[in-house]
Every structure is written in C-alpha cells, then in structure tokens.
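Reviewing the structure listed below.
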Amino acid sequence: MKYLDEIRKNLAERREQGLFRQRSELETLQGAHIRVDGKEYINFSSNDYLGLSSNPELIATARAAAAHWGVGSGASHLVCGHFSAHENFERDFARFVGKPAALSFSTGYMANLGVISALAGRGDAVFADKLNHASLNDACVLSRAEFKRYPHNDMAALERLLSASTASHKLIVSDTIFSMDGDIAPLKELLALAERYDALLYLDDAHGFGVLGNGRGALAEFGLSSPRLIYLATLGKAAGVSGAAVAAELDIIDWLINAARSYIYTTAAPPLLAETLSKSLELIAEENWRREHLQRLVALFREGLSDHAARLMESSTPIQPVLVETNAQALRMSAALKEAGFWIAAIRPPTVPTPRLRVTLTAAHSEDDVKNLAACLRKLLEEAA
Ligand SMILES: *Cc1c(COP(=O)(O)O)cnc(C)c1O
C-alpha cells in the first residue's frame, strides 16, 4: 500500500509543520457562547455576524415550514424539486438587493463553481484578485478559461491584464469583503474597469450581505448598479441559515438555469430553508440594531488593541484578524485563548499567505465579551514580545 504510506507521510509532515487540520464538536447552538468538549467558550470564530443562526423567530419559521413542505426536496430544480418557497425567496432576494432576478444555490461554493463556469470557458478569460476565496479560485480553474490573477486590490495591474487580453469574453471576479483580511475591494473602480473593457463583474458578497448597505449588501453600500454586475450572497453567514443566491439580469439568470452545472445536477435545497430565508431577509431589513451594535463592537475591539495597531488590518468590518509571526505562535496563542475561555481559530497557510488569529465579531456578543477578549489578547501579545 504505497499510496496509503504516502498519505501517512503527508499527514505526519503537516503535523510537524503545525498545519494539521482537525475538527471540534460543538455541543450547543451556534452563538456567542458555545460548549466544546464540555468546556464553555465565548466564540469569536463564527460568520454568524447578525447572530441569526439560532434566532427564535427563524427556528419557529423553519419548524412551520418543515410541517408544511416536509424535510427533503426530492429532486433537482429542473426535474420536480423547485417549490413555490424557492420561487418566493428568489423574488424577495432580487428585490432586496436591487436586481431584476435571482437564483438560489445549495451553497456559496456551488454557486461560485456554477456561475463562473457558466459565464467563462475555453477562449475566455477570468481576472481574479489574488486573495479571492478558495471557491472562486477553484471555479476559475474548473471553467477552463484563461485564469489571470492580479495582486490584491491592484487596479493598475488589473487594467494592464484587461487591456492586454484578446479573450472573447472577460469576467472579473472579486470578493467584496475579503474573508481572511476583512478589507473591502475597490468596487467602484472594478465596475469602471468592467465598463471600460466590456467585461462582466462577479462580486462575491459572502461577508457583506446582511452587514453592509443596511443589510442589503455591498451594492447598496456603494450605490453600484449595472447590468454587468452579477451579485452573490451566501446565506449561511449573516443570514443565519444555509445556501446562496445570485442576483443579475433576467437573461443571465435564465442562462445560469440552463448552463450552471452545480445548479442543474444536484438535489434542490429543502424548501423549508428557502422559506426560513425569506423570514431572515425580513429580520435583516428590520433589525438595524444588530448592525449598529456590531459596528460599536468593531470600534471597541480596535480601540482595545490600539497599542498593537500594527497587528490589526485595515478593516472596518466584523472580520478583525490579528497578525502573528509564525504558525507555531498562531497555534500557541489560539491555545492560550482557549485556556482563557475564548474560541478563536488560528488561520494558517495555505488558507492565507501569513498566519493570523481570525477574530470575528457578531451582534450576539456583548460589549464586555469584546473588552475581555481585547484585554486577553493584549496580555498574550505583551508576553510574546
Ligand atoms: C464562505 C464563503 C463562500 C462559500 O459559501 P458557503 O455557502 O459556505 O459554501 C464563498 N465565498 C466566500 C468569500 C466565502 O467567505
């Protein structure tokens, strides 16, 4: 079993390099306070930015929807798995983000695979930020289009690539809020370049939807509107449920229904989730206090670490990474934080270029939670210095 021996060797190397990945079991609901292996933690690792994943109104909606629709969809959307719950959610979502039409997918990963390979193929070119999410990169490779990556947020480099390209169709792809850094792409400039070079622009707003633009996401936040824009929100983060939705011109949505393989060849998500998501849109729209509280927590956290400002990134979003020197330091600090009762993931290469603690704040945290975390981080950083 030579192959199995090699796998064991690769695993051993990962362990030695501090890169071995493993899972922990949550014994409670997702939220600001969790229990893992019998110990309670304040959780600063989830993407549940608005604290909706265990919201009682959403749970009640999901229960009622399960009673009404059952638990499984039973088929793919194009066969007989497309329910009025999906149709209603797509209509609600399109209206909410200000686009003519929308299409829901089972996950953001699948949406990215489906959309990018439906819109770009051999002879075309995709232009992608170097720090885009892994699912976008995988999608670009899968599409078989020419895959051109530009340095993070470098619009001059992107323009050089666009102007040199002779591809039949051009697609620019970017995260809006970058998932491991928390900074925001220059969206107006991206759209201006898409217009100048007759490209489509696909924006992955996994971390902006629900948070930016009064909850309506990055397009609303920056007043962006164009038929060239294709917008993705994932729905397992701020929306608190699961899935993803793409919003665009009606013809683009019709094309995706016909060509996006990860839409066509998979069982539709349970209609109970679509109905729960429509309710989540209502809460996102109505409950501004969640975003206001979250913004206060972001300010508090950054204030609390102002003596270590060089370790913080240019981020005004709920993603507040703390940079450290080495993988080993990331793991050591993550372990010390756990000891102190804070659950924070160490994120290491190859997920990111440099190791860090990825702190995420949510509307479910209290001001004291955040002050206590900042105090603990200060102490650990001072001890390490
Ligand atoms: C989380 C994430 C995805 C994947 O979405 P899932 O619904 O979790 O599959 C895609 N893009 C970005 C930027 C993300 O952060």
Side-chain angles (χ1 to χ4, degrees), residues 21 23 30 45-50 52-53 86 89-90 93 97 102-117 119 126 128-143 149 152-153 171-185 187 190 201-212 217-219 221 230-247 256 260-263 266-270 273-274 276-277 280-281 284 313 315 317-321 345 347 350-353 356 358-362:
R21 296 162 184 259
R23 303 164 307 167
Q30 183 59 271
S45 285
S46 85
N47 301 310
D48 183 19
Y49 300 119
L50 298 179
L52 290 176
S53 68
H86 296 117
F89 169 69
E90 288 172 354
F93 178 81
V97 301
L103 185 67
S104 51
F105 284 78
S106 299
T107 71
Y109 194 116
M110 289 174 70
N112 285 341
L113 294 187
V115 172
I116 291 175
S117 31
L119 295 177
V126 280
D129 191 289
K130 276 245 167 88
L131 294 190
N132 276 352
H133 190 261
S135 60
L136 292 171
N137 293 336
D138 292 357
C140 292
V141 171
L142 182 71
S143 76
R149 300 173 83 192
H152 184 46
N153 286 342
L171 176 66
I172 303 171
V173 175
S174 181
D175 283 22
T176 55
I177 296 180
F178 286 87
S179 48
M180 295 296 148
D181 292 44
D183 61 335
I184 302 179
L187 301 178
L190 282 168
L201 174 59
Y202 182 51
L203 293 178
D204 178 340
D205 201 27
H207 301 277
F209 181 72
V211 173
L212 300 176
L219 304 189
E221 174 89 20
I230 300 149
Y231 176 80
L232 170 81
T234 70
L235 305 167
K237 291 173 179 157
V241 187
S242 185
V246 177
L256 295 178
R261 298 173 64 85
S262 63
Y263 182 77
T266 193
T267 299
L273 296 183
T276 309
L277 281 164
S280 173
L281 292 186
I284 291 172
M313 303 195 76
S315 167
T317 69
I319 302 171
Q320 291 292 331
I347 311 276
T351 307
V352 287
R356 68 201 62 182
R358 180 175 180 270
V359 172
T360 51
L361 305 172
T362 78

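What you are looking at is a predicted structure, and each value in this text was computed from that prediction instead of being measured. Atoms within a ligand are numbered from 1 in the order they appear, just like the ligands themselves.
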**OP:** Please report the shortest heavy-atom distance between Ser174 and Asp129, naming the atom on each side.
**Re:** OG-CB, 4.4 Å
Original post:
Considering only heavy atoms, does Met110 approach ligand 1 within less than 4.0 Å through its side chain, its backbone, both, or neither?
Top reply: neither
Original post:
Mind checking whether Asp175 has an N or O less than 3.5 Å away from an N or O of ligand 1?
Top reply: no
Original post:
How about Asp204 and Asn132: do any of their side-chain heavy atoms sit closer than 4.5 Å?
Top reply: no
Original post:
Quick one: does Tyr109 get an N or O within less than 3.5 Å of an N or O on ligand 1?
Top reply: yes
**OP:** Name the closest protein heavy atom to atom 14 (C) of ligand 1, giving the residue it belongs to and the distance to 0.1 Å.
**Re:** Lys237 NZ, 2.7 Å
Original post:
Shortest non-hydrogen contact from Pro350 to Arg21?
Top reply: CD-NH2, 3.7 Å
Subject >> Parallel, tilted or perpendicular, as decided by the 30° and 60° cut-offs, for the rings of Phe93 and Phe209 >> reply: tilted
Original post:
To the nearest 0.1 Å, how far is atom 11 (N) of ligand 1 from its closest protein heavy atom, and which atom is that?
Top reply: Asp204 OD2, 2.6 Å
Subject >> Atoms of ligand 1 close to His207 [distance to a heavy atom under 4.0 angstrom, numbered from 1] >> reply: 14 (C), 15 (O)
Original post:
What's the shortest heavy-atom distance between Leu361 and Val359, and which atoms?
Top reply: CD2-CG1, 4.1 Å
Original post:
Considering Ser179, Gly243, Ser242, Ser135, which one's heavy-atom position lies nearest to atom 10 (C) of ligand 1?
Top reply: Ser135
Subject >> Results of ring-ring contact (aromatic ring centres under 6.0 Å, His included) for Tyr263 - residues two or more places apart only >> reply: His77, Phe105
**OP:** Say whether Gly108, considering both its backbone and side-chain N or O atoms, lies within less than 3.5 Å of an N or O atom on ligand 1.
**Re:** yes
Subject >> Within reach of ligand 1, part of Asn112 (heavy-atom separation under 4.0 Å) >> reply: side chain
Original post:
Hey, are the side chains of Thr362 and Ser46 touching, using non-hydrogen atoms and a 4.5 Å cut-off?
Top reply: yes
